[in-house]
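When a ligand or atom number is given, it counts from 1 through the structure's own listing order. Just so you know, these numbers use all the heavy atoms, side chains as well, and skip hydrogens, waters and symmetry mates.
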Amino acid sequence: MLNNKDQTLVEYVSIIAIISTVIIGMLFYGWKEVWMKTKNKERTLAIVKPDGMVYLDEIIEAIYNEGFTIKDFYLKYLDKEILKEHYAHLIDKPFFPELVDYMTSDKVAILLLEGDNIVERFRKLIGPTDSKIAESETLRGKYGTDKSINAIHGSGSREEAVIEIERFFKDRRN
Ligand code: UDP
Ligand code: MG
């Protein structure tokens with residue numbers, strides 16, 4: 001059995017451990033990430049690509065129907081510089097110049113989305129990269145054409161989402 005003094009010490013150490021965990025979490029992930037985790041909320045980045053823009057209303061409706069929240073969005077013509085960052089993992093692929101031509105061919109909509117487990121759920125909603133093999137109820141299945149022209153982007157992982165949100169929303173308050 002612990003005496004009163006030991007119990008107070010245990011409580012004291014527990015409180016310090018909790019506070020340290022929160023501070024370390026904030027240092028590693030940023031205060032917003034830690035705050036979102038405590039609320040069980042998650043964010044992801046979506047881009048309605050040039051070919052998807054004619055279906056923007058339907059895509060927003062699908063996002064709404066999933067129970068996701070649009071925290072911020074804007075329309076923009078992307079340039080090659082930002083695409084070299086955004087698609088850095090594809091820069092050496094032979095199709096990269098075509099990808100840049102496609103993504104700069106018209107305005108896109110850039111959306112900051114929030115919801116429970118949204119990174120994974122949003123990828124499910126949009127379907128696989130190739131619109132030809134995507135199920136017909138997915139957004140890529142409905143509105144895309146093939147593995148290049150596929151209507152919509154969604155962050156591939158939580159880590160990717162944090163980086164992409166920073167890339168596209170760093171200058172905006174949200
Ligand atoms: N892409 C392409 N050809 C390919 C693979 C990808 O043109 O063979 C394009 C396509 O628009 C895709 C984007 O590059 O959405 C990014 O590719 P990634 O492998 O990251 O797929 P995603 O995460 O978009 O499903
Ligand atoms: Mg990807």
Which residues, ordered by chain and number, are linked to I16 in its hydrophobic cluster, where ILVMFWY side chains connect at heavy-atom gaps below 4.5 Å, directly or through other members?
Y12
Using a cut-off of under 3.5 Å, which N/O atoms of ligand 1 pair up with protein N/O atoms, and what distance separates each pair?
unit_1   : atom_1 : unit_2 : atom_2 : d
ligand 1 : 1 (N)  : K147   : O      : 3.4
ligand 1 : 7 (O)  : S148   : OG     : 3.1
ligand 1 : 11 (O) : K49    : NZ     : 3.1
ligand 1 : 11 (O) : S148   : O      : 2.7
ligand 1 : 15 (O) : K49    : NZ     : 2.9
ligand 1 : 15 (O) : N150   : ND2    : 2.8
ligand 1 : 20 (O) : H89    : NE2    : 2.9
ligand 1 : 21 (O) : T129   : OG1    : 3.3
ligand 1 : 23 (O) : R123   : NH1    : 2.9
ligand 1 : 23 (O) : R123   : NH2    : 3.4
ligand 1 : 24 (O) : R140   : NH2    : 2.9
ligand 1 : 25 (O) : R123   : NH2    : 3.4
ligand 1 : 25 (O) : T129   : OG1    : 2.6
ligand 1 : 25 (O) : R140   : NH1    : 3.0

Applying side chain to side chain donor-acceptor pair (under 3.5 Å), can you list everything that pairs with R167, at least two apart in sequence or on another chain?
E85, H86
Main chain of K147, side chain of D130: is a donor-acceptor contact present, judged purely on distance under 3.5 Å?
yes
I need the full list of ring-ring contact (aromatic ring centres under 6.0 Å, His included) pairs touching residues 110-131, with sequence neighbours left out, sorted by first then second residue.
none
Rounded to the nearest 0.5 Å, how far does CG of L75 lie from CG of L56?
7.0 Å
Which of R121, R43, K41 passes salt bridge (charged side-chain N to carboxylate O under 4.0 Å, His left out) with E114? Answer is R43
